[in-house]
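Residue numbers count from 1 along this sequence.
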Amino acid sequence: MFETFLSNDSHTTLISTPFLCAQKKVGNMKKVFEKIIEGILACSGFVTSLTIVLIVLFLFSEAVGLFHSRVIEEGYVLALNKDNKVSELTPVQIKDVFDEEITNWREVGGENLPIRLFRLEDVTRYYTEEQLGASYENAGACITDLVERTPGIVAFVPRQFIVRPDSVHLLWDNTISLKDVFAGAEWFPTATPAPQFGFLPLITGTLWVSLFAILIALPFGLAVAVYMSEVADHKIRNLMKPVIELLSGIPSVVYGFFGLIVIVPLLQRVFDLPVGESGLAGSIVLAIMALPTIITVTEDAMRNCPRAMREASLALGASQWQTIYKVVIPYSISGITSGVVLGIGRAVGETMAVLMVTGNAAVIPHSILEPLRTIPATIAAELGEAPAGGAHYEALFLLGVVLFFISLLINFTVEAVSSGKRK
């Protein structure tokens, strides 16, 4: 009997040993497979982070060249008479001189002498074709001679047409400064002889439109989210939710057409404006576009509030609205914050719809009812026309950097406010 037991036990051991070995191999294969998946996920995260960093570095590398560019158009000079003591002009002063808003050298620190403008196309007013030569081979000598004998002249000509640089006085050509860009009140990148790259009108226009868009969208979005999550019955919610989510899939250019055909004429009639394209029109369009994002994210966050918390609040004698205000919204503040951030992100970065309804005027707005221009609209409208590698091209990339920091600042601010409320 004992021998039989031993033989059975040995048989069981012999059978189970291969099974245990196979099971161990399967377990090892699972661990290897899990390590491979873990490595793939880690690589994906690393590649994504690296891509974001490279995009930011690319923006910076393209933008920083603007501050190495000269104020006066490349290849040109501003030549004065030798006796003129003015040695330097700001980009704004150069523009005002050639726009004839400054007409005397005394206004820019020189002598009491009228300013006489000269551009290359004016040469035929002073010299005949015979004097200039059949191929304009004498144009340089003629222009240099004209500058030498005209006391109040300022000549904007290619550098090679000043054949005797020592006999004239060339204005000092500084590089574009931070002050010219970030404190400049005019955006006119195609102006000659000194392009204007003032970011102030574009930054104020972007913030102006985005602020009013959020002020309009946030109360409406939060109200609709509360209604769908806490008040509406099952049938109404199932009807409203797909419709609201469908709005987020409509192309922005369609919203732009809607704003151009409906909102712009309406604002023009209501406020008696000369033109309806204004910052308010852009704000309303952006608010409509941001609503689906704010409503969807906020409503989902509220519905994730535990049922037990609602029932406990009601059991303590709180009304339904007190429960929403004191329990549901504080619990869902993180999700509400996410919805706000996504809504603001869409408002700040929107391009086509804003370009179509805001009037596209690069001026500092003093009222929300005035035309303005935003940073994304400027980049979209001008990037295709800017020569690659030129100052205009680099200025547009710098605008992208500014937009990146505006979005980053908004995200950090909202997160800080949300963290303070959670504490």
Rounded to the nearest 0.5 Å, what's the gap from [atom1] on [X] to [atom2] on [Y]? Could you check?
X	Y	atom1	atom2	result
Ile284	Leu266	CD1	CG	7.5 Å
Leu113	Ile153	CG	CD1	11.0 Å
Leu399	Leu66	CG	CG	9.5 Å
Asn138	Thr144	CG	OG1	11.5 Å
Phe188	Asp99	CZ	CG	7.5 Å
Asn238	Lys235	CG	NZ	10.5 Å

Give a yes or no on whether the backbone of [Y] and the side-chain of [X] come within a donor-acceptor separation of less than 3.5 Å.
X	Y	value
Glu111	Gly152	no
Asp122	Arg119	yes
Asn360	Arg373	no
Lys82	Asp166	yes
Ser210	Leu207	no
Ser135	Glu137	no
Ser278	Gly276	yes
Gln131	Thr128	yes
Thr103	Glu100	no
Glu148	Asp145	no

Q.
As a test of understanding, state which of Glu186, Gln196, Glu101 forms a side chain to side chain donor-acceptor pair (under 3.5 Å) with Lys95.
A. Glu186
Q: Show your reasoning for whether ring pair (Phe, Tyr, Trp, His ring centres under 6.0 Å) applies to Phe397 and Phe60.
A: CA-CA 8 Å; Phe397 272 90; Phe60 274 95; over 10 Å; no
Q) What residue among Leu54, Ile52, Val47 forms side chain to side chain contact (heavy atoms under 4.5 Å, CB included) with Leu50? A)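 The residue from Leu54, Ile52, Val47 that satisfies side chain to side chain contact (heavy atoms under 4.5 Å, CB included) with Leu50 turns out to be Leu54.
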Q: Please name the residue in the list Leu171, Ile94, Leu89 that meets the side chain to side chain contact (heavy atoms under 4.5 Å, CB included) test with Val71.
A: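 The single option meeting the side chain to side chain contact (heavy atoms under 4.5 Å, CB included) with Val71 is Ile94.
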Q) Between Glu74 and Arg70, does at least one N-O distance fall below 4.0 Å, as a salt bridge requires? A)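 A salt bridge is absent here (no side-chain N lies under 4.0 Å from a carboxylate O).
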(Q) Could you check whether Asp300 pairs with Arg303 (Lys NZ or Arg NE/NH1/NH2 to Asp/Glu carboxylate O, under 4.0 Å)? (A)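 Answer for the salt bridge query: no.
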Check whether more than 12 heavy atoms from other residues, nucleotides or ligands sit under 6.0 Å from atom [atom1] of [X], and answer yes or no.
X	atom1	result
Arg149	CZ	yes
Phe182	CZ	yes
Arg159	CZ	no
Arg237	CZ	yes
Phe220	CZ	no

Q.
Parallel, tilted or perpendicular, judged at 30° and 60°: which one describes the rings of Phe199 and Trp187?
A. tilted
Q.
In terms of relative ring orientation, are His392 and Phe197 parallel, tilted or perpendicular, with 30° and 60° separating the classes?
A. tilted
So which heavy atom on [X] is nearest to which on [Y], and how close?
X	Y	value
Leu403	Pro376	CD2-CG, 3.9 Å
Val168	Leu80	CB-O, 3.6 Å
Val285	Ala353	CG1-CB, 3.8 Å
Thr296	Pro292	OG1-O, 2.8 Å
Leu398	Phe67	CD2-CZ, 3.6 Å
Gly335	Val297	O-CG1, 3.4 Å

Q) With ring centroids as reference points, do Phe156 and Tyr76 lie under 6.0 angstrom apart? A)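 Centroid separation for Phe156 and Tyr76: below 6.0 Å.
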No-hydrogen, no-angle side-chain donor-acceptor test under 3.5 Å, [X] and [Y]:
X	Y	value
Glu350	Ser252	yes
Trp208	Glu370	no
Thr374	Thr206	no

